[in-house]
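Notes follow the structure.
Read the numbers this way: they start at 1 and go in the same order the structure lists the ligands and their atoms. Along the sequence shown, the residues carry numbers beginning at 1. Only this structure's heavy atoms are used, side chains among them; waters, hydrogens and symmetry mates stay out.
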Amino acid sequence: MTAPLDLIVLGAGPAGAAAALKARALGLSVALIDEAPEPGGQVYRAPSAGLVGAPAEADRVKGDELRARLKASGASLHLNQRVWSLTAGFSVIAIGPDGPLTLEAPNLIVAPGAVERPIPVSGWTLPGVIGLAGATVLLKSHGVLPGRRVVVAGSGPLLLLVASKIVAAGGEVAAVVDAAPRASWFGRLGAMAARPDLMAKGGRWLLQLLKARVPLHSGAAIRAIHGRDGVASVEIGPVDAHWRPTPGPARAIEADAVCLGFGLLPSTEITRLLGARHRYEPELGGWLPEVGASLETSVPGLFVAGDGGGVRGADAAPLSGELAAIGVARRLGHSGDLEQQAIAVTARWRRSARFGAAMSALAMPPPGAVAMIGAQTTVCRCEGLTRATLDTAIAAGAWTLADLKAATRCGMGPCGGRVCGEAAAMLIEAATGLSREAIGQPSARPPLRPVPLAAIAGDFAYDDLPIPAPAPL
Ligand SMILES: Cc1cc2nc3c(=O)[nH]c(=O)nc-3n(C[C@H](O)[C@H](O)[C@H](O)COP(=O)(O)OP(=O)(O)OC[C@H]3O[C@@H](n4cnc5c(N)ncnc54)[C@H](O)[C@@H]3O)c2cc1C
């Protein structure tokens, strides 16, 4: 029989990995679960099998160190396990290559990271258009370029990261198109100065793009992506301070791929499913769970770490993981210098978090950005719903995401609102002037991820089904 667990950590990115390591160092019995085949999360993602011999970049080296430390830590690692349901108390229900898995513990640290924030533009459903954050996965994990000639568009620091990675990998970046005006970057210099090392890293990306003579457009956005079976050209034009297209001249850029993204949203489906209280904070990506000083949510024993608690970036994430682990140890009654440890980690976390929050705010679209979505542009890809269809339902009184879902099925497909929810909320906000609190969030219900029906219903042999004997005539 295995010993009962003190703690489950969900998500083996920098936040969850640091939480598990710290919890082990404090003597807790810990299980760490992730759907990826190896720990590392988005930043320290392990390369796919074919890339193992490729030259190691700094993030890969850090990731390998992290993976080695986790394997030696005594935490039980459950990889390739997709968590699709959870219940209070806590049971974590997953499906993996060998079937279903349920873990139970009185404490849960949720570290699920963030998801992309797309703003739908005309042509964004064409093959060759991928998310900006998704492009990092292609480049890092698979060593694959998004295309031969790529437009990198949207907002925030991921623009520079992705464009510089494409250049470094030998690809061509046709243009970087940033909706934010250049001045907004200067406006964040104070917060950036909290981490001069990270600021220098961004400076190196910029230098690399300038050296490669990549055209950099600020205060501009994609008007439309054209092509029949894939991307052929991209039309860009100026936007005003609210990111609304202005009458200025549009220009066409030949390209066969587009990386498009407007920052990241905290992944809150798990904390929503478990009934934690949330608040809306645009500077940190939008909706996030309310937490106390030890990162415990309004549900006792449920802690949140990393970008899932507000997008603060990869350097703040491990510190929040450590802080949450200390919080769990204190909740379990462990003694020692835990309070002093928490104070020291909090101070370091605040410094990194200030930088990360400034980067997150740079990417955050103002409400006016909704003007980028044309009437005939598909917003909900799962259900094939255009802006015009959603606008009609909103005009008829669908003023919350739940009402809009009931009226149109927006958010009811496999993405569960992860892709379309933010754009749908922006449309309601633009039409009604209601606050995000009034508009609400997409509801979280199991299954959180698409899972085979057998994982829910259990496997059965047809012949074993109990068929009642026929009633006597
Ligand atoms: C697609 C993407 C790519 C990014 N690339 C970069 C980058 O290259 N550089 C950079 O500085 N920042 C990048 N970011 C931002 C970066 O993710 C964070 O700043 C940092 O990694 C946050 O760490 P974290 O531990 O909170 O989350 P993550 O690193 O995202 O880790 C979260 C982990 O939770 C797991 N998980 C989530 N839900 C489930 C579930 N239901 N079941 C099982 N496992 C689950 C995921 O598999 C993942 O391993 C990226 C973000 C995204 C969304």
Side-chain angles (χ1 to χ4, degrees), residues 8-20 32-46 57-60 62-63 66-67 78-86 92-96 101 103 109-118 130-141 156-162 164-165 198 201-202 205 259 261 263-271 273 284-285 288 295 304-322 324 352-353 355-357 359-360 363 416 418 444 446-451:
I8 301 166
V9 180
L10 197 173
L32 176 63
I33 186 165
D34 201 298
E35 65 184 328
E38 287 290 339
Q42 301 299 355
V43 177
Y44 305 127
R45 179 178 287 276
E57 54 168 35
D59 284 349
R60 173 102 53 88
K62 271 194 178 177
L66 191 65
R67 286 180 274 280
H78 301 271
L79 300 167
N80 274 316
Q81 298 293 335
R82 174 176 292 185
V83 174
W84 63 270
S85 186
L86 300 99
V92 173
I93 302 157
I95 179 86
L101 169 78
L103 298 172
I109 297 178
V110 176
V115 291
E116 304 227 35
R117 181 196 290 108
I130 62 167
L132 199 52
T136 67
V137 180
L138 262 190
L139 286 155
K140 279 185 170 180
S141 186
L158 274 179
L159 290 172
L160 298 183
L161 168 71
V162 168
S164 69
K165 280 204 172 304
L198 298 180
K201 196 170 168 186
W205 295 337
C259 301
L264 302 170
L265 301 160
S267 182
T268 57
E269 57 198 348
I270 291 165
T271 43
L273 181 66
L284 290 174
L288 44 94
L295 306 187
V304 66
D307 280 2
V311 179
R312 297 175 174 93
D315 280 80
L319 296 166
S320 66
E322 284 186 30
S352 290
F355 181 94
M359 295 298 96
S360 180
R418 275 191 295 273
L448 294 173
R449 295 276 201 278
V451 282

Nearest 0.5 Å, please: how far is CG in L103 from CG in L32?
10.0 Å
Of all heavy-atom pairs between G40 and P14, which one has the smallest distance, and what is that distance?
O-CD, 3.6 Å
Between ligand 1 and the protein, give all atom pairs where both partners are nitrogen or oxygen and the distance is under 3.5 Å, as lines of names plus distance to 0.1 Å.
unit_1: ligand 1; atom_1: 5 (N); unit_2: T136; atom_2: OG1; d: 3.0
unit_1: ligand 1; atom_1: 8 (O); unit_2: K140; atom_2: NZ; d: 2.9
unit_1: ligand 1; atom_1: 19 (O); unit_2: D307; atom_2: OD2; d: 2.9
unit_1: ligand 1; atom_1: 19 (O); unit_2: A314; atom_2: N; d: 3.2
unit_1: ligand 1; atom_1: 25 (O); unit_2: P14; atom_2: N; d: 3.3
unit_1: ligand 1; atom_1: 25 (O); unit_2: A15; atom_2: N; d: 2.9
unit_1: ligand 1; atom_1: 26 (O); unit_2: D307; atom_2: N; d: 2.9
unit_1: ligand 1; atom_1: 29 (O); unit_2: Q42; atom_2: N; d: 3.0
unit_1: ligand 1; atom_1: 38 (N); unit_2: R449; atom_2: NH2; d: 3.1
unit_1: ligand 1; atom_1: 41 (N); unit_2: V83; atom_2: O; d: 3.1
unit_1: ligand 1; atom_1: 42 (N); unit_2: V83; atom_2: N; d: 3.0
unit_1: ligand 1; atom_1: 44 (N); unit_2: E35; atom_2: N; d: 3.1
unit_1: ligand 1; atom_1: 47 (O); unit_2: D34; atom_2: OD1; d: 2.7
unit_1: ligand 1; atom_1: 49 (O); unit_2: D34; atom_2: OD1; d: 3.2
unit_1: ligand 1; atom_1: 49 (O); unit_2: D34; atom_2: OD2; d: 2.6

Among all residues two or more places apart in sequence or in another chain, which pass the salt bridge (charged side-chain N to carboxylate O under 4.0 Å, His left out) test with R67?
D64
Contacts of type salt bridge (charged side-chain N to carboxylate O under 4.0 Å, His left out), residue R312, not counting sequence neighbours:
none
Who pairs with E35 by salt bridge (charged side-chain N to carboxylate O under 4.0 Å, His left out), at least two apart in sequence or on another chain?
R82, R449
Quickly, which of L86, V110, L101 forms a side-chain contact (heavy atoms from CB on, under 4.5 Å) with V92? Name it, please.
L86
